[in-house]
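One structure below.
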Amino acid sequence: MSLCATASREATEPLAGTAATARTWLLVEQTGPWGAKALTASHLDPALGRALETAAKGTGVRVALIRRPGRHADRHDATRHRLFLAHTAPGRSWIRTTTVTDPQTALGLDFAALGAGEHGDLWEPYTGEPLVLVCTNGKRDRCCALLGRPLAADLAAAGTEVWEVTHIGGHRFAPTLFVLPYGYAYGRTSLSLAADAVAAARSGRIALDHCRGRSTWDRPAQAADLAVRELLGEDRADVLDVVRTDRLLPQPPSPQAPTRPQAPAPSPGGSTSPQDPKPPHDTTSRDTAPHDTAVTGEEAPAWTVTVAHSDGRAWRVTVEQRADGAPAPASCGAPLAPPARMAITAVTATEDSPALSG
């Protein structure tokens with residue numbers, strides 16, 4: 001049986017810059033089986049699932065279903081649903097939680113405010129262990145079931161605050177792990193690596209090994225954050241922030257001079273607007289190319305990402321989307337194609353930081 005996770009591992013596809021993007025997560029407990037599009041194919045009312053998708057669209061909030069690890073009988077009698085809200089922005093991360101009898105309650109949320117990181121004292125603050133999510137939705141991709149469910153079960157047996165989740169992106173990196181409140185995702189996760197990630201989050205840090213990126217940002221910014229962390233050996237979760245992402249556009253040929261490689265042009269995400277619910281410090285571009293498939297017929301997209309440290313230092317990171325790896329399926333059953341990856345071509349200090357290029 002051909003598995004996308006096996007193909008990705010054998011192709012040594014890089015993990016950096018592959019996390020799902022969301023500043024805020026709404027997690028709704030729903031027992032029983034999940035379909036490929038779980039919000040509308042589970043025991044959750046499909047009309048509610050569609051309404052939640054519509055309410056969250058464009059707000060920076062991502063909605064997912066969760067359930068405890070174990071056997072999932074086809075039950076229709078669940079009377080209580082645990083809900084979590086988690087915001088992942090550096091220095092402003094939080095988790096709120098409640099238990100309801102009717103998940104329809106979630107439609108009353110102010111999704112724009114939540115996406116901007118404002119919870120308004122909603123529900124109760126969550127003060128327990130880091131929340132660990134493992135994708136196990138086999139109807140979405142069989143790798144998530146075959147590799148994710150055993151990991152979730154082992155974590156639960158070890159006493160970890162773990163939930164199975166419907167989809168956090170990147171089936172081919174299964175088993176995939178997501179840790180809140182900081183919102184860093186991990187791929188090809190072993191039990192020991194998961195334990196390290198949880199222990200790190202408990203002390204306000206992240207595990208750099210097998211890290212895919214922080215969901216707060218688009219994928220070029222995720223890769224830039226990890227590149228600066230690798231350069232510095234920095235694992236403290238909230239000391240780095242992405243303050244700007246600019247799309248690099250190719251320059252037209254000039255008769256007087258050879259074509260310049262690229263010049264920065266501010267993206268629409270480089271500043272906030274009344275329609276943009278992002279807080280002022282988060283200027284990550286949303287004008288990015290598709291990140292999971294190769295770009296053909298045009299010059300590959302690139303970005304300059306500015307990453308700032310809480311001590312005042314900053315770096316400009318040049319990120320290119322490339323498709324120069326071995327062909328592999330994006331998910332089980334998908335056709336072979338060169339996977340898109342985020343390549344770091346330069347990390348340049350704007351203050352007195354060391355520089356790296358390559």
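In what follows, residues are counted from 1 in the order of the sequence shown. As the structure is a computational prediction, the values presented were derived from the model and not from experiment.
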Of all heavy-atom pairs between [X] and [Y], which one has the smallest distance, and what is that distance?
X	Y	result
Arg96	Leu122	NE-O, 2.7 Å
Arg212	Gly170	NH2-CA, 3.6 Å
Gly148	Thr136	C-CG2, 3.8 Å
Thr40	Gly49	CG2-C, 4.2 Å
Trp94	Gly117	NE1-O, 3.0 Å
Asn137	Thr166	CB-O, 3.0 Å

Reported [atom1]-to-[atom2] distance for the pair [X] and [Y], which is rounded to 0.5 angstrom:
X	Y	atom1	atom2	value
Gln222	Thr18	CD	OG1	7.0 Å
Leu133	Leu155	CG	CG	11.0 Å
Arg62	Thr24	CZ	OG1	13.0 Å
Leu146	Leu151	CG	CG	13.0 Å
His87	Leu180	NE2	CG	12.0 Å
Arg142	Ser331	CZ	OG	9.5 Å

Tell me whether [Y] is reachable from [X] by hopping between hydrophobic residues (I, L, V, M, F, W, Y) whose side-chain heavy atoms are closer than 4.5 Å.
X	Y	answer
Val165	Val162	no
Val132	Ile206	yes
Val179	Phe84	no
Ile66	Val134	no
Val307	Met342	yes

Would you tabulate the side-chain donor-acceptor contacts of residues 51-58 under 3.5 Å, counting partners in other chains and residues two or more places apart, or write 'none'?
unit_1 : atom_1 : unit_2 : atom_2 : d
Thr54  : OG1    : Arg50  : O      : 3.1

Would Val319 and Ile344 count as a side-chain contact (heavy atoms from CB on, under 4.5 Å) if you check the C-alpha gap in whole Å, the side-chain angles of each, and the deciding distance to 0.1 Å? CA-CA 5 Å; Val319 185; Ile344 305 299; 3.7 Å; yes

Enumerate the side chain to side chain donor-acceptor pair (under 3.5 Å) contacts for residues 110-126, please, sequence neighbours excluded, ordered by first and then second residue. Arg92-Glu118

Where at least one partner belongs to residues 228-239, residue pairs that pass side chain to side chain donor-acceptor pair (under 3.5 Å), sequence neighbours excluded: Tyr184-Arg229, Arg205-Asp235, Arg214-Asp238, Asp225-Arg229, Glu234-Arg236, Glu234-His309

Hey, does the side chain of [X] reach the backbone of [Y] with a donor-acceptor pair shorter than 3.5 angstrom?
X	Y	result
Ser203	Ala200	yes
Asp141	Cys143	yes
His210	Thr189	no
Thr88	Arg23	yes

Taking the side chain as everything from C-beta on, heavy atoms only, tell me whether [X] gets closer than 4.5 Å to [Y].
X	Y	answer
Ser8	Arg188	yes
Arg247	Pro301	yes
Arg149	Pro175	no
Leu109	Leu26	yes
Thr59	Leu114	no

Got a sec, which residues hit salt bridge (Lys or Arg N to Asp or Glu O under 4.0 Å) with Arg202, two or more places apart in sequence or on another chain? Glu129

Those residues that, when tested against Glu29, pass salt bridge (Lys or Arg N to Asp or Glu O under 4.0 Å) (two or more places apart): none

Thr105: which residues meet the side chain to side chain contact (heavy atoms under 4.5 Å, CB included) condition with it, sequence neighbours left out? Val100

Excluding sequence neighbours, so at least two apart, what forms side chain to side chain contact (heavy atoms under 4.5 Å, CB included) with Ser42? Gln30, Trp34, Leu44, Leu65

Transitive ILVMFWY cluster of Phe173, excluding itself - 4.5 Å side-chain cut-off: Leu15

Should side-chain heavy atoms under 4.5 Å link Ile, Leu, Val, Met, Phe, Trp and Tyr, which residues sit in the same cluster as Leu336? none

For Ser190, the side chain to side chain donor-acceptor pair (under 3.5 Å) test, sequence neighbours excluded, returns Ser192

Once side chain to side chain donor-acceptor pair (under 3.5 Å) is applied, do any residues pair with Thr176, and if so which ones, sequence neighbours excluded? none

Could you walk me through whether Tyr186 and Asp196 satisfy the side-chain contact (heavy atoms from CB on, under 4.5 Å) test, starting with their C-alpha distance in whole Å, then the side-chain angles of each, then the deciding distance to 0.1 Å, before giving a yes or no? CA-CA 11 Å; Tyr186 299 86; Asp196 289 345; over 6 Å; no

Arg68 and Trp163: side-chain contact (heavy atoms from CB on, under 4.5 Å), yes or no, with the steps? CA-CA 5 Å; Arg68 287 299 191 181; Trp163 296 79; 3.4 Å; yes

With no hydrogens and no angle check, do the side chains of Thr97 and Arg82 hold a donor and an acceptor under 3.5 Å apart? yes

Evaluation steps, side-chain contact (heavy atoms from CB on, under 4.5 Å), between Val305 and Trp217: CA-CA 11 Å; Val305 181; Trp217 304 307; over 6 Å; no

Between Asp324 and Arg341, is the closest basic N to carboxylate O distance under 4.0 Å? yes

Who pairs with Trp25 by ring pair (Phe, Tyr, Trp, His ring centres under 6.0 Å), at least two apart in sequence or on another chain? Phe178

